[in-house]
J.: 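Encoded as structure tokens, here's the structure I'll be asking about.
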Amino acid sequence: MAALLLAAAPAAAQRAAVVPAGDISPVHDPVIIREGGTYHVFSTGLGKGPQGIIAARTSPDLTTWQRGTPPFERIPDWAAKAIPGATNMWAPDISYVNGRYRLYYAVSTFGSNRSAIGLATSPTLDPTAPGYGWRDEGLVVMSQPDSDYNAIDPAFLQDEKGRHWLSLGSFWSGLKLFELDPRTGKLLRPDAPPRTIAARKVPVGAPSAVEAPYVFRHGGYYWLLASYDYCCKGVNSTYYTVIGRSKQVEGPYLGKDGSAMTAGGGTILLRADLQERERFRGPGHVGHLRDKDGTDILVYHAYDREHQGAPTLRIAPLRWGADGWPEAITQ
């Protein structure tokens, strides 16, 4: 999603809404990349077997999706030891860097910030290609119960100067940004404190419902996507997606009205569909792809009222307005 897609976009064709079909549920926390003529979506593992560790899907056209080859058969030994009770891997992120695909992933248990982010790499995403195979590179960053952040929901970014970054976070004191070593994909300075890029101010002891950062570059700005409020409640989920922009990768990220994302601001991009007539509820946890024609495409999950609230893959091209701000094309 990130490393090869950060230069200023060429003039993009205006795409219509995309309606995914086929194997599109259950999909939670999706990310997307394209290799050759194939789109690949990775998502949180749900259910049994290797697809329950991290799930994989492929499509030739963004519309028709089928199951792909999952990157893991089981949780890596180091992660199972580091996070007792973890049964799957969450919120992967995929990018192509220095000739290898990087798959960042999170291991945790619900409601805890004893969490770890790991890294796996492969020269290709095609299981039939020579050299295919995921090599686990181990721990990238870990949070503990006394940390003020939660090390889940990773997303990679290469900035315009070639520096590498990892955004992450869920609840606690908000979303964080760490600088990476471009050679290893791990923390450049393990002892350096992270930069806060988004947070929601709440009374002491109350949950700060913000998670799932994703940063990409367009039109001379860095754009931060974040999910506010609550996922994982089926049709009662109140998740929605906000966006802000900054000239600097480290922020501050501001909404269209100038509101700071470090104070719960930003501009709503994907709104929670709570009216009774709406089918898809709680759209959030967004990934980004800049496609070969320059179109910016978002993937996310929402809960399908017509299928018992199942988390379902959704796709929305972005249309950039004359004011420089995006609109998500969902219908």
Side-chain angles (χ1 to χ4, degrees), residues 1-2 20 23-33 39-47 50-57 65 67-68 70-72 75 79 83 86-95 102-113 115-120 140 150-157 166-171 175-176 198 209-216 224-234 237-242 269-270 272 280-289 297-304 309-316:
M1 285 182 298
D23 191 335
I24 58 172
S25 183
V27 172
H28 214 272
D29 315 324
V31 289
I32 186 170
I33 198 167
Y39 296 93
H40 296 258
V41 160
F42 296 92
S43 58
T44 290
L46 300 169
Q51 292 280 358
I53 303 300
I54 288 181
R57 289 171 172 82
W65 292 89
R67 290 292 176 107
F72 286 90
I75 296 176
I83 313 296
T87 58
N88 61 350
M89 295 154 72
W90 297 354
D93 180 71
I94 187 70
S95 54
R102 286 185 184 176
L103 184 78
Y104 289 96
Y105 58 86
V107 180
S108 188
T109 55
F110 201 81
S112 170
N113 74 326
S115 308
I117 290 171
L119 171 65
V140 175
N150 191 7
I152 65 172
D153 296 356
F156 172 81
L157 167 73
L166 192 72
S167 59
L168 58 85
S170 174
F171 286 69
L175 309 183
K176 308 297 181 180
V210 54
E211 60 187 8
Y214 193 97
V215 181
F216 67 97
L224 170 60
L225 298 158
S227 296
Y228 284 2
D229 284 2
Y230 293 91
C231 77
C232 313
K233 299 178 183 293
S237 300
T238 56
Y239 235 25
Y240 65 101
T241 300
V242 300
L269 184 64
L270 296 167
F280 291 101
R281 314 293 179 88
H285 204 114
V286 178
H288 168 268
L289 167 70
I297 295 170
L298 304 183
V299 293
Y300 60 99
H301 71 252
Y303 301 90
D304 187 349
T312 302
L313 176 65
R314 303 285 286 158
I315 298 175

J.: Could you check if a side-chain atom of Ile32 sits within less than 4.5 angstrom of a side-chain atom of Val299, using non-hydrogen atoms only?
T.: yes
J.: Taking Tyr230's backbone N and O only, do any of them form a donor-acceptor pair with Thr238's side chain (distance below 3.5 Å, no angle check)?
T.: yes
J.: Side chains of Trp90 and Ser108: closer than 4.5 Å at any heavy-atom pair?
T.: yes
J.: Ser237 side chain to Gly234 main-chain N or O, any donor-acceptor pair under 3.5 Å?
T.: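 Answer holds: yes.
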J.: Does any non-hydrogen side-chain atom of Leu166 lie less than 4.5 Å from one of Tyr104?
T.: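 When only atoms from C-beta onward are counted, Leu166 and Tyr104 do touch, with a gap below 4.5 Å.
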J.: Could you check whether any side-chain heavy atom of Leu225 comes within less than 4.5 Å of a side-chain heavy atom of Leu269, counting everything from C-beta outward?
T.: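 Yes, close enough: below the 4.5 Å cut-off.
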J.: What I want to check is whether the side chains of His28 and Tyr303 have a donor and an acceptor closer together than 3.5 Å.
T.: yes
J.: Parallel, tilted or perpendicular, judged at 30° and 60°: which one describes the rings of Trp65 and Tyr39?
T.: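 Aromatic pair Trp65/Tyr39 classed tilted.
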J.: Is there a side-chain contact between Leu157 and Phe216, using heavy atoms and a 4.5 Å cut-off?
T.: no
J.: Is a donor from one side chain sitting under 3.5 angstrom from an acceptor on the other, for Ser115 and Asn150?
T.: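 There is such a pair between these side chains.
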J.: Do Asn88 and Thr44 have side chains that approach each other closer than 4.5 Å (heavy atoms only, starting at C-beta)?
T.: yes
J.: Looking at Phe42, does the NZ or CZ of Arg57 lie under 6.0 angstrom from its six-membered ring centre and within 45 degrees of the ring axis?
T.: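 No, a cation-pi geometry is absent between Arg57 and Phe42.
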J.: Counting C-beta onward and ignoring hydrogens, is there a side-chain heavy-atom pair between Arg67 and Gln51 closer than 4.5 Å?
T.: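 In short, these two side chains touch, coming nearer than 4.5 Å.
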J.: Can Glu211 and Tyr239 be counted as having a side-chain donor-acceptor contact under 3.5 angstrom?
T.: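 Side-chain D/A pair, Glu211 to Tyr239: present.
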J.: Could you check, using the six-membered ring where one of them is a Trp, whether Tyr300 and His285 have ring centers closer than 6.0 angstrom?
T.: no
J.: Hey, does the side chain of Asp93 reach the backbone of Phe156 with a donor-acceptor pair shorter than 3.5 angstrom?
T.: yes
J.: Can you name the residues that form a side chain to side chain contact (heavy atoms under 4.5 Å, CB included) with Thr87, not counting sequence neighbours?
T.: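 Expected list: none.
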J.: Taking side chain to side chain contact (heavy atoms under 4.5 Å, CB included) as the definition, give me every residue that meets it alongside Ile53, ordered by chain and number, with sequence neighbours left out.
T.: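 Ile53 satisfies side chain to side chain contact (heavy atoms under 4.5 Å, CB included) with Phe72, Ile75, Met89 once adjacent residues are dropped.
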J.: Hey, does Leu175 have a side-chain heavy atom less than 4.5 Å from the side chain of Val210?
T.: yes
